[in-house]
Amino acid sequence: MKGLKNKKGFTLIELIIVIGVLAILLTIILQAVNPARQFAKANDVKRRSSITAILNAIGHYLADNNGSLPPEITTTAQNISKTGADLCPELVTNKYITALPVDPKINNGTQVIDCSSSYDTGFTVVKDSNNRVTITAPLKEI
């Protein structure tokens, strides 16, 4: 019996309790950090920034053209793309913006520089009866 008392180590119950506590802590940390949610938030911030950049370029276009909007912007909502509202020649070629921003989920967010090739930004543009321009992005990811 003396040999059993001198053995040192952890019991099975102690190991199970420690593993359980670690699992709970890991779950709490993953909920707090939540990488998918953080990436979704980053994409939404990029979308807002892209919309602001496009609207600023349209504003510069307006200033240079006596308040006239690019003819591609109509009262019907259209995608900003080669087959929709093709704003690339008006904005990029005329140097109102260096590159046309693209939604982060489309083509890895690679901006449009070459207006002669096919493109789709993922954004939609429309003007109302007062010539106010609205640009919308895809729905939020969160």
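What's counted below: heavy atoms across the whole structure, side chains too, no hydrogens, waters or symmetry copies. One-based numbering along the sequence shown.
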[atom1] of [X]: more than 12 outside heavy atoms within 6.0 angstrom?
X: Asp128; atom1: CG; result: yes
X: Leu25; atom1: CG; result: yes
X: Glu14; atom1: CD; result: yes

CA sep, side-chain torsions, deciding dist, call: Lys41, Asp44, salt bridge (charged side-chain N to carboxylate O under 4.0 Å, His left out): CA-CA 5 Å; Lys41 279 185 176 182; Asp44 287 338; over 6 Å; no
Establish whether Leu87 and Ile51 are linked, either directly or via other cluster members, by ILVMFWY side-chain heavy-atom contacts under 4.5 Å.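 Yes, one cluster joins them.
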Please answer: with hydrophobic residues joined when any side-chain heavy atoms are less than 4.5 Å apart, are Ile113 and Leu91 in the same cluster?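 Different clusters.
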Which residue pairs pass the side-chain hydrogen bond (donor to acceptor under 3.5 Å, both in side chains) test with at least one member in residues 55-65, sequence neighbours excluded?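 Applying side-chain hydrogen bond (donor to acceptor under 3.5 Å, both in side chains) to every pair that reaches into residues 55-65, excluding sequence neighbours, yields Tyr61-Glu90, Asp64-Tyr96.
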Run the side-chain hydrogen bond (donor to acceptor under 3.5 Å, both in side chains) test against Asn34 and tell me which residues pass, sequence neighbours left out.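 Checked Asn34 against side-chain hydrogen bond (donor to acceptor under 3.5 Å, both in side chains); zero matches.
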Do any N or O atoms from the side chain of [X] and from the backbone of [Y] form a donor-acceptor pair under 3.5 angstrom?
X: Thr121; Y: Ile80; answer: yes
X: Lys82; Y: Cys115; answer: yes
X: Gln111; Y: Thr98; answer: no

Would Asp114 and Ser116 count as a side chain to side chain donor-acceptor pair (under 3.5 Å) here? Give the steps. CA-CA 6 Å; Asp114 180 17; Ser116 62; 2.7 Å; yes
